[in-house]
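One structure is given here, and the rest of the page talks about it.
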Amino acid sequence: MSSQLLERLNSVQVAAVTAPPGHLLILAGAGSGKTRVLTHRIAWLLANDLAKANSILAVTFTNKAAHEMRHRLQQVAPYDVRHLWIGTFHSIAHRLLRIHWQAAGLLETFQIIDSDDQYRLVRRVLVQLNLDEKHWPPRQAQWFINAQKEVGLRAAEVEDEHDAFRRTQIRIYSAYEALCASTSSVDFAELLLRVHELWRNSPEILAHYQTRFTHLLVDEFQDTNAIQYAWIRQLAGVNTDVMVVGDDDQAIYGWRGALAENLAQFLKDYSNVTTICLEQNYRSTQTILHAANAVIAKNSDRLGKELWTEEEEGEAISLYAAFDEHDEARFIRGCIQKASSQGVAYSAMAILYRSNAQSRVLEEILLEANIQYRIYGGLRFFDRAEIRDALAYLRLLYNVNDDTAFERIVNQPPRGIGDKTLQQLRDVARDNALSLWQAARKLLEERALASRASTAINHFIELIVALQPIVQQTQIDSMLEQILQRCELYSFYKKDRTEKGLAKVENLDELVNVAKEFNPDANTDLPPLAAFLAQAVLDSGEKEAAIGEEAVQLMTLHSAKGLEFPVVFMCGLEEGLFPHYLSVNEGDGLAEERRLCYVGMTRAMKKLYLSYAQSRQLHGRSERKQASRFLSEIPKQYLKKERLSSTFTPRINTSEYGFHLGDRVRHPLFGEGTILAFEGSGDHARVQVQFVDFEKGTKWLVCSFAKLQTL
DNA sequence: ACGTCTACCGTTTTT
DNA sequence: CGGTAGACGT
């Protein structure tokens with residue numbers, strides 16, 4: 001078994017998988033078989049009786065990574081791996097808090113809130129504190145709170161540094177803490193902080209897990225923030241072997257609090273660490289790797305690692321200097337069509353960009369060319385308003401004191417409970433330390449409401465009470481169906497006959513489907529409804545492209561991390577956009593942008609296209625752009641220029657003929673081409689056209705003579 | 001309670 | 001330019 005396990009690994013991977021007891025730091029370059037090493041390591045430990053299944057804890061950053069690890073482990077381990085503790089920091093924290101809710105100072109029914117719910121709570125706090133949203137943007141306060149939690153600080157522990165701004169932020173944080181406590185809400189950062197405090201305050205609980213987990217494995221270690229690392233340090237007891245896997249060159253989440261320095265810190269904090277570098281890449285051609293290595297080499301303070309491959313040299317990297325974003329999109333479209341005609345599947349191609357706004361032009365061009373595409377990111381399933389409404393009903397039924405849920409659906413569908421009534425409820429709730437639900441009951445009993453409002457509130461309360469028996473059932477899908485019917489959310493959205501309304505009803509149906517297919521982790525001890533609700537918050541519901549789905553993949557460079565595609569287009573390589581102008585001035589900003597560039601390039605297996613636009617519409621105006629500095633960091637020998645970048649000429653309207661620079665035109669003899677330059681006027685007006693057909697090259701044509709047709 | 005108008009803003013994002 | 005959030009009017 002064991003030798004079979006090692007068969008398809010290279011010698012460095014074998015060294016990592018079979019490393020003797022002790023701590024391990026694996027520096028795993030892009031495409032070097034990181035997940036493979038992690039899963040084989042676990043399988044190795046189990047197969048050689050070096051660890052019991054329940055003494056292994058594997059932590060990942062995303063649910064997708066956790067699922068993948070479990071799935072791939074199952075392929076190499078000859079027994080059921082469903083009971084292994086594999087999960088994200090957050091899901092594991094959630095699990096621990098569900099077990100130790102009492103010791104953690106929570107109510108048994110505590111609810112996880114996502115950042116949107118958190119934002120609403122922060123705004124409520126601002127109203128409470130009489131702070132003007134213009135002066136104290138809720139986003140900023142939310143950011144402040146999360147940043148403090150991420151370094152392990154409670155409001156009472158944050159220093160104001162005699163700074164008025166900080167003092168107010170701390171006041172907001174403090175009031176937010178109180179609101180979370182009274183509504184039993186736990187935000188994402190709170191999950192981690194609570195567990196951290198639980199372990200700090202309950203040594204016997206910590207000792208239990210320290211003894212239990214003899215092996216702790218952490219994926220994407222460069223993405224861990226301060227509290228996550230503190231967590232690892234706490235949990236790793238004297239008998240725990242820690243294995244961290246990461247790549248400082250792929251640290252692209254510094255702006256979110258991730259500390260790639262944790263990699264170096266790990267070496268300082270732990271003695272007898274074996275460091276192993278996985279540098280053989282199994283993904284890309286030599287050309288792509290050499291180019292990517294050259295770019296990342298411009299960063300200083302690297303741990304030092306250089307990818308190599310046994311793959312062939314491969315094709316040169318294509319570089320296209322477009323006139324504008326439309327021209328760029330058309331170039332990409334052309335390449336996709338060509339590749340497709342040569343048998344490359346759409347799903348083997350990905351277009352990567354720095355910011356989401358760039359996707360629109362690409363979409364338009366792909367749509368027009370009838371090329372199927374799929375965009376990652378954007379609004380996720382569980383973030384849709386109708387889905388959140390439906391889930392809020394479940395949440396309120398699970399726990400009537402869930403204020404976040406109460407606020408969301410008390411008047412959804414509209415039942416005559418307006419802002420005034422709601423504000424009355426909020427005031428009473430705050431003054432009497434009650435939940436909104438309790439406040440509503442109190443006001444009803446005291447007959448303190450206006451008659452209209454009273455009837456409406458009463459109606460709502462009766463509805464919820466009547467629905468409550470339903471959540472005792474075990475089938476979540478049928479539970480959902482009944483609730484959606486009786487709370488009239490269904491009929492409310494069905495009234496909307498527009499396309500949007502239709503989509504909402506479809507989404508609600510899809511939610512029932514999701515519930516039907518929901519099967520909680522084998523190792524969760526939660527009641528099904530609680531498990532379902534937690535999953536809805538903790539799992540974005542972002543699915544990978546279905547197998548066989550024939551669509552070009554569009555996504556940001558950030559969301560491309562961890563993925564690979566035979567053909568990759570990286571577009572918008574312009575100063576100001578990539579590297580982004582807001583990053584350039586930050587401390588590590590430029591280096592992080594460069595890592596992002598490295599991540600993007602190393603997604604490509606066979607062929608990489610790079611492009612930039614010399615002019616781009618931004619915020620409604622056309623801006624001149626210079627090629628990204630990253631392009632000049634790629635040695636020329638790896639690049640093939642698809643079109644010489646010409647000196648930029650402002651977009652002139654050659655009015656008589658209606659041509660624009662960068663326009664696509666067709667010539668009866670030479671075929672399709674792009675207008676590169678323009679000179680003269682009247683009968684002498686000439687345009688320079690670069691034809692798609694390389695043999696035709698670039699030609700100057702007299703407009704009045706050549707029968708050019710705009711496309 | 002809902003539609004229309006206006007002001008504002010504009011990286012990356014998982015949990 | 002295009003989306004969104006809030007104000008304002010019906």
Side-chain angles (χ1 to χ4, degrees), chain A residues 59-66 87-94 112-120 123 133-134 137-139 142-143 146 149-150 186-193 220 223-225 227-228 251-258 325 352-361 364 376-380 382-383 385 411-422 452 456 492 495-496 534-542 555-562 572 576-586 589 592-593 595-597 599-600 616-623:
Chain A
V59 195
T60 63
F61 224 71
T62 66
N63 286 296
K64 207 168 108 188
T88 62
F89 277 102
H90 292 85
S91 71
I92 287 165
H94 175 236
I112 307 172
I113 54 167
D114 64 17
S115 35
D116 196 65
D117 292 333
Q118 184 184 38
Y119 178 78
R120 289 159 193 266
R123 290 184 67 186
E133 282 196 12
K134 286 267 176 334
R139 288 264 168 243
Q142 187 182 14
W143 183 87
N146 289 336
K149 289 191 181 191
E150 274 164 20
V186 174
D187 61 50
F188 291 137
E190 183 76 20
L191 281 169
L192 304 176
L193 182 52
E220 302 278 18
D223 286 343
T224 51
N225 62 25
I227 193 107
Q228 286 161 337
I252 55 173
Y253 287 108
W255 53 275
R256 219 167 59 183
E325 68 273 26
L352 311 181
Y353 36 78
R354 175 67 235 264
S355 64
N356 285 309
Q358 288 170 255
S359 72
R360 230 194 66 238
V361 178
E364 281 167 14
Y376 284 77
L379 200 56
R380 290 182 304 265
F382 286 117
D383 285 342
N411 199 36
Q412 179 72 348
R415 43 174 78 85
I417 300 166
D419 217 36
K420 233 181 131 202
T421 314
L422 200 52
R452 258 248 206 96
F492 171 72
K495 272 193 303 210
D496 183 356
Q535 193 202 279
V537 190
L538 288 177
D539 198 335
S540 63
E542 185 80 78
M555 67 191 81
T556 62
L557 288 155
H558 281 90
S559 29
K561 193 172 86 162
L577 184 58
F578 189 33
H580 197 275
Y581 71 102
L582 287 174
S583 298
V584 180
N585 302 321
E586 286 172 43
E592 183 151 307
E593 295 284 304
R595 291 192 288 269
L596 191 54
C597 184
V599 166
R616 183 180 292 274
Q617 290 276 117
L618 259 153
H619 308 325
R621 54 179 70 251
S622 188
E623 281 187 30

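None of these values were measured; they are calculated from a predicted model. Lettering of chains follows the sequences in order, A, B, ..., and the numbering in each one begins at 1. All values below were derived from every heavy atom in this structure, side-chain atoms included, with hydrogens, water molecules and symmetry-related copies excluded.
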In whole angstroms, the gap separating P of B:dT14 from CG of A:Leu192 amounts to 16 Å

Whole-Å distance, A:Leu538 CG to B:dT13 C1', equals 15 Å

On DNA chain B, check which nucleotide each of A:Asn411 and A:His558 is closest to and give me the residue with the more 5' one. A:Asn411

OP1 or OP2 of B:dT14 sitting under 4.0 Å from any side-chain N/O of A:Thr88? no

Would you say the side chains of A:Glu325 and A:Gln358 form a donor-acceptor pair under 3.5 Å? no

Determine, for nucleotides 1-10 of chain C in 5'-to-3' order, which nucleotides have protein heavy atoms under 4.0 Å from the base (write B), from only the sugar-phosphate (write S), or from neither (write -). BS---S----

Checking B:dT12, B:dT15, B:dT11 against the side chain of A:Trp255 (C-beta onward), the nearest is B:dT12

Please pick, from B:dC2, B:dT14, B:dT11, the nucleotide with the shortest atom-to-atom distance to any side-chain atom of A:Glu593. B:dT11

In whole angstroms, the gap separating P of B:dT13 from CZ of A:Phe61 amounts to 14 Å

Return the value, rounded to whole Å, for the distance between atom CG of A:Leu577 and atom P of B:dT11. 10 Å

Measure from CD on A:Gln535 to P on B:dT14 and round the result to the nearest Å. 16 Å

Just jot down the side-chain contact (heavy atoms from CB on, under 4.5 Å) partners of A:Ala258, sequence neighbours excluded, or say none. A:Tyr253

So does A:Ser115 get a backbone contact from the side chain of A:Gln142, meaning a donor-acceptor N/O pair under 3.5 Å? yes

Taking CG from A:Leu582 and P from B:dG10, how many angstroms apart are they, rounded to a whole number? 9 Å

Sidechain-backbone polar pair: A:Glu593 side chain, A:His580 backbone, donor-acceptor under 3.5 Å: yes

Which residues pass the side-chain contact (heavy atoms from CB on, under 4.5 Å) test with A:Glu592, sequence neighbours left out? A:Trp255, A:Asp588, A:Arg595

Looking at every strand, decide which applies to A:Asn356 at a 4.0 Å heavy-atom threshold: base, sugar-phosphate, or nothing. sugar-phosphate

Between A:Lys134 and A:Ser559, which has a closest nucleotide on DNA chain B that is more 5'? A:Lys134

Here the distance between atom P of B:dT13 and atom CZ of A:Phe188, to the nearest Å, is 15 Å

Rounding to a whole Å, what distance do you find between A:Asp116:CG and B:dT15:C1'? 14 Å

Work out how far the P atom of B:dT12 is from that of C:dA5, and round it to whole angstrom. 16 Å

Heavy atoms only, 4.0 Å cut-off, all strands: where does A:Asp187 land among base, sugar-phosphate and nothing? nothing

Under the criterion side-chain contact (heavy atoms from CB on, under 4.5 Å), I'd like the reasoning laid out for A:Phe188 against A:Val537: C-alpha separation, chi angles, the key distance, then a yes or no. CA-CA 10 Å; A:Phe188 291 137; A:Val537 190; 4.0 Å; yes

Short side-chain to backbone donor-acceptor contact, A:Asn63 and A:Leu538, under 3.5 Å: yes

Candidates B:dT12, B:dT15, B:dT11 - which lies nearest the side chain of A:His580: B:dT11

For A:Ile417, which contact category applies under a 4.0 Å heavy-atom criterion: base, sugar-phosphate, or nothing? sugar-phosphate

Closest heavy-atom contact between A:Phe61 and A:Asp223? CZ-O, 3.0 Å

